[in-house]
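A short write-up of the structure that comes next.
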Amino acid sequence: MTATPGEPAYWQAVYDEGEPGWDRGAPAPPLERALGEFPLPRTGAALVPGCGFGHEALMLARLGYAVTAVDFAPAAIAGLRARAGAMPLTALERDLFSLGGDFSGGFDLVVEHTCFCAIPIERRGEYAALMAQLLRPEGWLLGLFYETDRGEGPPFCTTRGDVERHFLPFFEILHLSRPSDSFAGREGKEWLGLMRKRPA
Ligand SMILES: C[S@@+](CC[C@H](N)C(=O)[O-])C[C@H]1O[C@@H](n2cnc3c(N)ncnc32)[C@H](O)[C@@H]1O
């Protein structure tokens, strides 16, 4: 039976094929810039869901955040651990949808990069609710969302309307725009979002 994108075996198979097509070997420039420019907490606990090889997680750890990076593909977590070396960072091989029980309210900041477009579309509402649950009151979400020009996924196309529809029930969206510094090939296909969890 063929694995589906909701299962770790699907993603592990992509890693097993060699260099995953999404990996650029560095943090996404719009996220790196936003961490300096946006009014985010400069310290605290940060979560990177669907971290892959963890370039954003490593960037956050270098900036001094206490980072938890999560991915359910063993090769992703092995790749992150190899890159992290002695850098203090928690790399969890785990389904992000299982985090609600033990990590509720545990994070000041979520940094999302091509994770929302990787999960099955029918779980998007659940994902947005979970990110809010994992954040402390008035915690922050910084995301770079991928608007593909393809009908099939993953990556599953994420429009501005998709971001607003799923996150607005839980977050105030303070910024949502097309970045001008996307990786080559992703120009005009990304949405950079800054959100703050609504007070209860
Ligand atoms: C397109 S890749 C992006 C990786 C990384 N964020 C990046 O931009 O380089 C999506 C990642 O999300 C992971 N993923 C998808 N669904 C997941 C889930 N339910 N729990 C944990 N990881 C998941 C996959 O294993 C894969 O590594």
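Heavy-atom basis, side chains included; hydrogens, waters and symmetry copies ignored.
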Distance flag, aromatic centroids of [Y] and [X], threshold under 6.0 Å:
{"X": "Phe38", "Y": "His175", "answer": "yes"}
{"X": "Trp22", "Y": "Tyr15", "answer": "yes"}
{"X": "Phe116", "Y": "Phe167", "answer": "yes"}

- Phe156 vs Arg150, side chain to side chain contact (heavy atoms under 4.5 Å, CB included): CA-CA, chis, key distance, verdict: CA-CA 8 Å; Phe156 297 106; Arg150 300 163 41 191; over 6 Å; no
Taking the side chain from [X] and the backbone from [Y], do they hold a donor-acceptor pair closer than 3.5 Å?
{"X": "Trp140", "Y": "Pro41", "value": "no"}
{"X": "Arg33", "Y": "Pro179", "value": "no"}
{"X": "Glu56", "Y": "Ala28", "value": "yes"}
{"X": "Gln133", "Y": "Gly105", "value": "no"}
{"X": "Glu7", "Y": "Thr4", "value": "yes"}
{"X": "Glu112", "Y": "Cys115", "value": "yes"}
{"X": "Arg198", "Y": "Pro137", "value": "no"}

- Task: Report the C-alpha separation of Ser182 and Glu190 in whole Å, then their side-chain angles, then the decisive distance to 0.1 Å, and conclude whether the side chain to side chain donor-acceptor pair (under 3.5 Å) test is met.
- Result: CA-CA 7 Å; Ser182 295; Glu190 294 186 314; 2.6 Å; yes
Side chains of [X] and [Y] in contact at under 4.5 Å (non-hydrogen atoms):
{"X": "Val110", "Y": "Pro49", "result": "yes"}
{"X": "Leu176", "Y": "Leu192", "result": "no"}
{"X": "Leu80", "Y": "Leu58", "result": "yes"}
{"X": "Leu134", "Y": "Met131", "result": "yes"}
{"X": "Leu174", "Y": "Met195", "result": "no"}
{"X": "Leu135", "Y": "Phe171", "result": "yes"}
{"X": "Pro29", "Y": "Phe183", "result": "yes"}

- Message: Take a 6.0 Å sphere around CD of Glu122 and say whether it holds more than 12 heavy atoms from other residues, nucleotides or ligands.
- Response: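 More than 12 heavy atoms, drawn from other residues, nucleotides or ligands, come within 6.0 Å of this atom.
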Interatomic distance, [X] atom [atom1] to [Y] atom [atom2] [nearest 0.5 angstrom]:
{"X": "Arg94", "Y": "Leu99", "atom1": "CZ", "atom2": "CG", "answer": "5.0 Å"}
{"X": "Glu172", "Y": "Glu138", "atom1": "CD", "atom2": "CD", "answer": "9.5 Å"}
{"X": "Leu130", "Y": "Ser104", "atom1": "CG", "atom2": "OG", "answer": "8.0 Å"}
{"X": "Phe107", "Y": "Leu141", "atom1": "CZ", "atom2": "CG", "answer": "12.0 Å"}
{"X": "Phe103", "Y": "Ser98", "atom1": "CZ", "atom2": "OG", "answer": "8.5 Å"}
{"X": "Leu194", "Y": "Ile173", "atom1": "CG", "atom2": "CD1", "answer": "10.0 Å"}

- Are Leu168 and Ile121 linked, directly or through other ILVMFWY residues, by side chains that come within less than 4.5 angstrom of each other?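 No, Leu168 does not connect to Ile121 through the hydrophobic network.
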- So if you build clusters from Ile, Leu, Val, Met, Phe, Trp, Tyr with side-chain heavy-atom gaps below 4.5 Å, do Leu92 and Leu96 land together?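 Linked within one cluster.
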- Message: Among Leu47, Val48, Thr43, Leu109, exactly one meets side-chain contact (heavy atoms from CB on, under 4.5 Å) together with Tyr65. Which residue is that?
- Response: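 Result for side-chain contact (heavy atoms from CB on, under 4.5 Å) with Tyr65: Leu109.
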- Message: Out of the candidates Asp181, Leu35, Leu142, only one should pair with Pro30 under the side-chain contact (heavy atoms from CB on, under 4.5 Å) rule; please name it.
- Response: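 Of all the options given, the one that passes is Asp181.
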- Query: Does Arg83 make a cation-pi contact with Phe53 (under 6.0 Å, within 45 degrees of the axis)?
  - Reply: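 Judged by the rule, Arg83 and Phe53 form a cation-pi pair.
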- Think Arg186 forms a cation-pi with Tyr146, using NZ or CZ under 6.0 Å from the six-ring centre and within 45 degrees of its axis?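 Yes, a cation-pi geometry.
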- side chain to side chain contact (heavy atoms under 4.5 Å, CB included) between Tyr127 and His166, worked out: CA-CA 9 Å; Tyr127 178 90; His166 292 291; over 6 Å; no
- Query: Would you say the side-chain atoms of Asp162 and Thr159 include a donor-acceptor pair closer than 3.5 Å?
  - Reply: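 Yes.
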For the student: nearest non-hydrogen atoms of [X] and [Y], plus distance:
{"X": "Gly36", "Y": "Arg42", "value": "O-NH2, 3.6 Å"}
{"X": "Cys51", "Y": "Ile77", "value": "SG-CD1, 3.9 Å"}
{"X": "Pro20", "Y": "Val14", "value": "CB-CG1, 4.5 Å"}
{"X": "Ala61", "Y": "Val67", "value": "N-CG2, 3.5 Å"}
{"X": "Gly6", "Y": "Phe72", "value": "O-CE2, 3.6 Å"}
{"X": "Leu31", "Y": "Gly143", "value": "CD2-C, 4.1 Å"}

- Message: Using side chain to side chain contact (heavy atoms under 4.5 Å, CB included), reason through His55 and Asp23 one step at a time and then give a plain yes or no.
- Response: CA-CA 9 Å; His55 305 296; Asp23 190 83; 2.9 Å; yes
- Quickly, which of Lys197, Arg136, Arg196 forms a salt bridge (Lys or Arg N to Asp or Glu O under 4.0 Å) with Asp108? Name it, please.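 Passing option: Arg136.
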- Query: Please walk me through it: do Arg178 and Glu147 pass salt bridge (charged side-chain N to carboxylate O under 4.0 Å, His left out)?
  - Reply: CA-CA 10 Å; Arg178 289 256 191 246; Glu147 181 169 357; 3.1 Å; yes
